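Right, one structure below, let's go through it.
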Amino acid sequence: MSSPYDPHSPTYPWQPPDPPQPPPPPRHRTPDHPPLGHHSDLRILRTAYRWQRRVATLTALGYFTLFLILSAFAPGFMSSTVTDGLPAGLLLALVQLPVTLLAIGLYEHTAQRYVDPLADRIRKEAAVEAKRESAKRGTGQRDMGHRGMGHRDVGHRGTGR
């Protein structure tokens, strides 16, 4: 049984009705193709780039870590002489520069061979997709652009400024 003081009861006809419920959000149409960020080529590119970074980093840092471990735990080996007056530790330290250059060379090689072609292909696909999207919306924007450019000719004959 409803209370006589209930504002929603029919005994108070002057009470405004409950506000209408908001409409559900519009459902967006899914595109015919997957978005560029979820494209399989981007996953392949990220994987190739990740592999490239790991190989180059592990080459340089791995050798340096090996050098540090040998310096700390094998001082006898590091102080032993390889040739007249050249200790093994100094030789290993001098080899660090070519190993670092090798890591840089591996990085450049994998970039040119694997990563850059993938990135170029994705960049071209993105440009084609952008042209396709602008062509879909292009007629409406072009019409608005022509109307908005009329103010340029006012007061300056023939210059367009």
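Given the structure is predicted, the values throughout are model-derived calculations rather than measurements. Throughout, residue positions are numbered sequentially from 1 according to the sequence presented.
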If you look at every heavy atom in [X] and [Y], which pair is closest and at what distance?
X: Q52; Y: A111; result: NE2-CB, 3.0 Å
X: L92; Y: Y63; result: O-OH, 2.8 Å
X: Y107; Y: A56; result: CD1-CB, 3.8 Å
X: L118; Y: I44; result: CD1-CG2, 3.6 Å
X: P87; Y: V82; result: C-CG2, 4.3 Å
X: A60; Y: Q96; result: O-NE2, 3.7 Å

Does a side-chain heavy-atom distance below 4.5 Å link [X] with [Y]?
X: V115; Y: L45; answer: yes
X: T47; Y: W51; answer: no
X: L42; Y: I122; answer: yes
X: L70; Y: F77; answer: yes

Drop me the distance from [X]'s [atom1] to [Y]'s [atom2], to the nearest 0.5 angstrom.
X: L61; Y: T100; atom1: CG; atom2: OG1; answer: 9.0 Å
X: L90; Y: T81; atom1: CG; atom2: OG1; answer: 12.0 Å
X: Q112; Y: D116; atom1: CD; atom2: CG; answer: 7.0 Å

Decide yes or no on side chain to side chain contact (heavy atoms under 4.5 Å, CB included) for T59 and L106, but give the supporting numbers first. CA-CA 9 Å; T59 301; L106 280 171; 3.9 Å; yes

Donor-acceptor pair, S79 side chain versus G76 backbone, under 3.5 Å? yes

Applying a strict under-4.5 Å side-chain criterion to I, L, V, M, F, W and Y, I'd like to know whether Y114 and V55 cluster together. no

Just wondering, are more than 12 heavy atoms of other shown residues or ligands nearer than 6.0 Å to CZ in R113? no

Per side chain to side chain contact (heavy atoms under 4.5 Å, CB included), E129 is matched among E125, K131, E133 by E133

